Amino acid sequence: MAEAVAPPGRRVLAWAQEYGVYAAVGVLLLFNVLFTPHFLDVANFRTQLVQVAPIVIVSLGMALVIGTQGIDLSVGSVMSLAAALVALYLGYGAWPALLVALAGGAVAGTAGGALVAYVGVQPIVATLALLVGVRGLANVLVPQLVEFRNPDLIALGSSSLSGVPVIVVIAAVLTLLTAFLVRRTTFGRQVVAIGGNRAASELSGLPVRRVLLLVYVISGVLAALAGVLATARLQASDPTSLGLFIELSAITAVVVGGTPLSGGRIRVLSTVMGALLMQLLSATLIKHNLPQSWTQIVQAVIILAAVYATRERGTR
Amino acid sequence: MSQSAAPVLEARRISKRFPGVVALDGVSLALLPGEVHALVGENGAGKSTLIKVFTGVHRPDGGDLIYNGSPVAFGTPLDAQRAGISTIYQEVNLVPMMSVARNLMLGREPRGRLGVIDTARMYGEAERILAGYGVVTDVRRPLRTFGMGVQQMVALARAVAIDARVVIMDEPTSSLEPREVETLFSVIRRLRDDGIAVVYVSHRLDELYEVCDRVTVLRDGRVAHTGPLAELERLKLIALMLGRDLDEVRTGGLTRFSRDRRHARERDGAQPAVRAEGLTRRQVLRGVDVSVWPGEVVGLGGLLGAGRSETAKGIVGALPLDAGRVVVAGLPLRTGSTTAAIRAGVGLLPEDRKAEGIIPALSVRENIALAALPSLSRAGVVSDAKIDKVVEVFMRRLRIKAASPHQPVQELSGGNQQKVLLARWLAIRPKILLLDEPTRGIDVGAKAEVQALVDELAEEGLGVLLISSDLEELVEGADRILVLREGAVVGELSGDDVTEDTIMTSIAERGAESDG
């Protein structure tokens with residue numbers, strides 16, 4: 001109905017806001033099919049998807065947090081903590097180690113969430129403290145790179161399910177689960193409402209603090225899982241550098257996907273598309289022998305374009 | 001007032017369309033220098049849109065805007081403001097964290113040498129300007145620590161100080177105390193005498209007749225009437241706004257409360273729907289006791305800041321209490337938890353619809369379902385079928401006008417937003433509703449509907465606590481009235497004692513006692 005009488009410019013903008021990121025991915029794919037040799041190789045696709053999967057997983061949690069007008073800067077450090085915990089507990093087997101790592105992520109998320117929801121610390125400050133502290137903790141636990149040969153864990157990182165890497169399958173399943181969580185569950189609707197107007201949500205009896213806490217816990221657990229998967233793929237635990245700056249990639253994916261930083265709206269599938277777009281972009285430029293610095297500049301342009309498209313529509 | 005003077009601002013056949021609605025359809029309005037021009041109409045009549053066209057927020061789709069004799073097109077609100085058109089919006093547009101003086105002088109602070117702001121002079125000047133508006137206060141304090149009345153005066157003083165030729169006031173008195181209203185009116189008259197044109201938007205007829213010279217009535221995006229206000233009978237004005245027959249309005253009365261409140265409520269052994277005892281919070285509430293029985297409308301009277309809203313918030317657990325307890329239908333309520341209150345069947349319609357009520361970006365549907373979500377879902381998964389049913393029932397019952405249930409609630413008019421919030425509370429099947437200024441800032445038609453609904457709900461056995469600054473509404477709507485003053489109940493009126501006079505007397509008498 002909005003399209004009925006809106007002027008053309010606004011219609012284009014509204015369309016770009018909804019589907020821009022899909023269109024951009026489509027255009028980039030088309031370009032590569034036409035101009036990039038060997039782009040259609042299955043191996044190439046696998047590589048791209050395996051590389052982007054951890055970012056996607058982290059971005060899902062980030063999208064939830066941003067939907068509440070928050071931000072989670074600690075995700076990269078939580079990944080490194082997960083890598084450290086996996087290395088320490090691998091002696092008990094891959095699965096116990098995985099569970100310990102996820103628990104570690106939950107604890108970090110609880111710390112951040114409690115600071116935000118119950119103490120009232122601003123999200124950016126609370127999670128910045130964790131960004132610094134948690135990586136420090138991970139480095140204390142495992143000071144240097146540790147290689148491992150646990151077959152279960154290596155399989156998690158490199159095996160495939162009917163041709164699709166397990167990591168990618170996990171990311172896809174988590175995407176669907178998150179989309180379901182946001183759209184169909186009481187919790188998801190409450191997250192969006194709290195991001196949209198916290199005071200009103202409180203007066204409407206929503207368990208605001210509990211929901212906020214849980215959002216950060218989910219983000220922590222997802223980051224920890226991404227850390228374990230990345231570690232499994234590396235076949236080595238590297239708390240010093242694993243997940244460095246991934247919080248920025250995740251925020252980029254969320255923003256490019258069209259989720260407003262002002263909260264009140266969460267676009268799960270678009271977030272995944274945002275992550276894919278950035279991945280595809282850097283791969284394309286690398287394949288055409290453009291230096292990394294060009295990738296960064298183009299990414300900056302895309303981020304600005306996305307922010308322009310999602311800016312407040314209130315100025316009608 | 002010089003009727004013959006050329007208009008300072010003139011709209012000629014202005015049209016403006018939004019998705020699904022024609023907000024303005026060929027509206028013409030000439031604003032003369034030195035007049036106070038009332039702009040009235042129901043919500044959705046196009047008042048806000050017209051104002052926004054005047055102030056550069058909206059660009060018209062058709063027609064011309066003539067300012068000082070030549071056509072203008074304001075690109076932004078700042079353009080309009082620079083040209084001399086100032087607006088005081090319903091929601092005051094100032095910077096809450098900055099000091100009063102800063103807000104007042106923003107953008108034109110007195111500078112000393114080196115271009116540094118001369119704070120001493122700024123404070124002095126701010127104090128002097130505000131004193132002219134009857135506000136004597138510490139101008140160094142952040143604006144947000146003051147009540148709405150002071151904030152409004154600061155906004156007005158700011159508008160006037162930047163040499164405005166047209167001042168537009170949208171519901172300026174909606175959060176002012178009577179004393180502040182008087183000050184505002186004297187300021188408005190001063191503006192008029194200085195040759196400034198004032199556009200005055202209000203739903204309060206008394207005020208219109210007191211301060212306005214001419215009136216333009218908008219209805220459904222068109223001009224229904226324009227002319228001198230004094231010649232227009234009150235009922236005729238209402239009829240024009242509503243687009244109804246004069247006779248109909250006459251017999252219907254001014255508010256839509258129909259119940260005979262004199263029939264004694266049989267409380268036949270039942271317990272109160274809610275009983276609050278000794279609600280206490282430092283500097284705000286001093287041991288307030290309130291009981292509301294099923295089927296009863298209890299009014300809370302008193303001046304701004306008497307603790308009416310705080311009492312309501314204390315009952316639902318949105319205001320931390322130092323002492324006191326709340327019992328709902330015989331069961332004590334865990335204090336400090338709105339979740340517990342809502343589960344027990346207590347809903348609060350907040351005073352500030354925009355800040356505490358609606359979730360602007362969410363749809364009508366989601367706003368209605370919000371509080372009742374737990375009961376509209378199974379194992380944490382929301383049931384679309386259940387929600388659709390509830391939403392449909394309440395959209396029809398409350399006659400919520402929206403393009404569809406999926407329209408964002410922020411696109412609705414104030415009256416419809418209020419109905420959405422009422423629907424949110426009715427969806428939890430409440431035992432008691434606390435209504436804080438339920439008809440503030442909504443049009444006459446919606447007001448009547450809300451009032452009729454309150455009646456109806458009480459008939460059905462709901463307990464209602466009604467807070468209103470509109471004495472007429474309290475008198476006609478409530479069975480019993482508790483008068484609050486400085487955080488304490490100072491009087492209770494019921495039956496034939498409930499009149500505007502007795503309420504005011506009660507406030508005044510008790511006030512004299514506690515002062516002495």
Side-chain angles (χ1 to χ4, degrees), chain A residues 1-11 13-14 17 67-69 118 177 179-211 214 258-267 310-316, chain B residues 17-22 52 57-58 61 76-77 313 316-318 337-343 346-350 352-362 366-367 369-384 387 403-404 406-411 421 424-425 428:
Chain A
M1 49 175 188
E3 292 88 321
V5 281
R10 206 161 283 292
R11 234 158 46 198
L13 194 66
Q17 204 172 351
T68 65
Q69 289 194 357
Y118 291 91
L177 280 179
F180 179 80
L181 186 76
V182 169
R183 285 186 203 166
R184 305 285 320 167
T185 67
T186 320
F187 173 76
R189 299 328 295 165
Q190 289 176 338
V191 168
V192 175
I194 290 166
N197 188 343
R198 180 168 173 172
S201 301
E202 263 164 15
L203 278 181
S204 299
L206 270 54
V208 172
R209 295 175 170 192
R210 206 169 68 213
V211 169
L214 211 48
T259 299
L261 286 174
S262 50
R265 181 147 199 238
I266 299 174
R267 292 166 54 102
T310 49
R311 89 212 138 103
E312 287 291 316
R313 276 195 280 181
T315 50
R316 301 184 302 136
Chain B
R17 279 177 292 274
F18 291 123
V21 257
V22 179
K52 285 179 177 169
V57 177
H58 293 327
D61 299 327
T76 66
K313 284 198 169 167
V316 297
S337 162
T338 50
T339 316
I342 282 157
R343 209 168 289 151
V346 187
L348 167 65
L349 187 80
D352 192 336
R353 185 169 59 232
K354 201 170 175 185
E356 298 181 329
I358 59 166
I359 316 273
L362 293 190
E366 297 201 70
N367 268 284
L370 189 66
L373 267 184
S375 68
L376 297 173
S377 49
R378 187 175 298 157
V381 178
V382 296
S383 157
D384 273 341
I387 292 181
S404 90
H406 302 285
Q407 187 177 14
V409 77
Q410 62 191 350
E411 293 175 4
L421 292 181
R424 179 190 291 169
W425 291 119
I428 67 165

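Please read these numbers as outputs of a predicted model, since none were measured by experiment. Reckoned from all heavy atoms, side chains included, excluding hydrogens, waters and symmetry mates. Residue numbering restarts at 1 for every chain, and letters A, B, ... go by the order of the sequence lines.
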Is it the side chain or the backbone of B:Ile358 that comes within 4.5 Å of chain A heavy atoms, both, or neither?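 Looking at B:Ile358, just its backbone touches chain A.
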Is it true that, when you exclude A:Arg184 itself, more than 12 heavy atoms of the residues, nucleotides or ligands shown sit nearer than 6.0 Å to its CZ?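 More than 12 within 6.0 Å, yes.
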Residue among A:Ile194, A:Asn197, A:Val192 with most heavy-atom pairs under 4.5 Å to chain B: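 Looking at each of A:Ile194, A:Asn197, A:Val192 in turn, A:Asn197 comes out on top.
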Greatest number of heavy atom pairs closer than 4.5 Å to chain B - which of A:Val208, A:Leu206, A:Leu203: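 Of A:Val208, A:Leu206, A:Leu203, A:Leu203 has the most heavy-atom pairs under 4.5 Å with chain B.
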For B:Asp384, which atoms come within 4.5 Å of any heavy atom of chain A: side chain, backbone, both, or neither?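 It is both, since atoms from each part get that close.
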Largest heavy-atom contact set with chain A, pairs under 4.5 Å, which of B:Ala361, B:Ala341, B:Gly357: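 Max contact count across the listed options: B:Gly357.
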Spatial distance of atom CG (B:Leu373) from atom CZ (A:Arg189) [nearest 0.5 Å]: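 With rounding to 0.5 Å, CG (B:Leu373) is 8.5 Å from CZ (A:Arg189).
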As an exercise, state the distance from CG of B:Asn367 to OG of A:Ser204, rounded to the nearest 0.5 Å.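 Between B:Asn367 CG and A:Ser204 OG, I get 8.0 Å after rounding to 0.5 Å.
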Side chain, backbone, both or neither: which part of B:Ala355 has an atom under 4.5 Å from a heavy atom of chain A?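 For B:Ala355, backbone heavy atoms alone lie under 4.5 Å from chain A.
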Go through the atoms of B:Leu348 and report whether side chain, backbone, both or neither lie under 4.5 Å from a heavy atom of chain A.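 B:Leu348 touches chain A through side-chain heavy atoms alone.
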Part of A:Arg198 within contact of chain B (heavy atom distance under 4.5 Å):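 For A:Arg198, neither part sits under 4.5 Å from chain B.
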Looking only at heavy atoms, what is the nearest atom pair of B:Pro360 and A:Gly196, with distance?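 Scanning both residues completely, I find the closest heavy atoms to be CD-O, 3.9 Å.
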Are the side chain of A:Thr186 and the backbone of B:Val382 linked by a donor-acceptor contact shorter than 3.5 Å?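 Side chain of A:Thr186 to backbone of B:Val382, a donor-acceptor pair under 3.5 Å: no, none is there.
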Whether the side chain of B:Thr338 engages the backbone of A:Glu202 through a donor-acceptor N/O pair (distance < 3.5 Å, no angle test) should be reported.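 Yes, B:Thr338 side chain to A:Glu202 backbone: donor-acceptor pair under 3.5 Å.
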Quick one: does B:Thr339's side chain have a donor or acceptor within less than 3.5 Å of a partner on A:Gly205's backbone?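 Yes: the side chain of B:Thr339 pairs with the backbone of A:Gly205.
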Let me know if B:Ile359 has heavy atoms under 4.5 Å from chain A in its side chain, its backbone, both or neither.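 Contact with chain A involves both backbone and side-chain atoms of B:Ile359.
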Measuring heavy-atom distances to chain A, does B:Leu362 have an atom under 4.5 Å in its side chain, in its backbone, in both, or in neither?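 For B:Leu362, the contact with chain A is made by the side chain alone.
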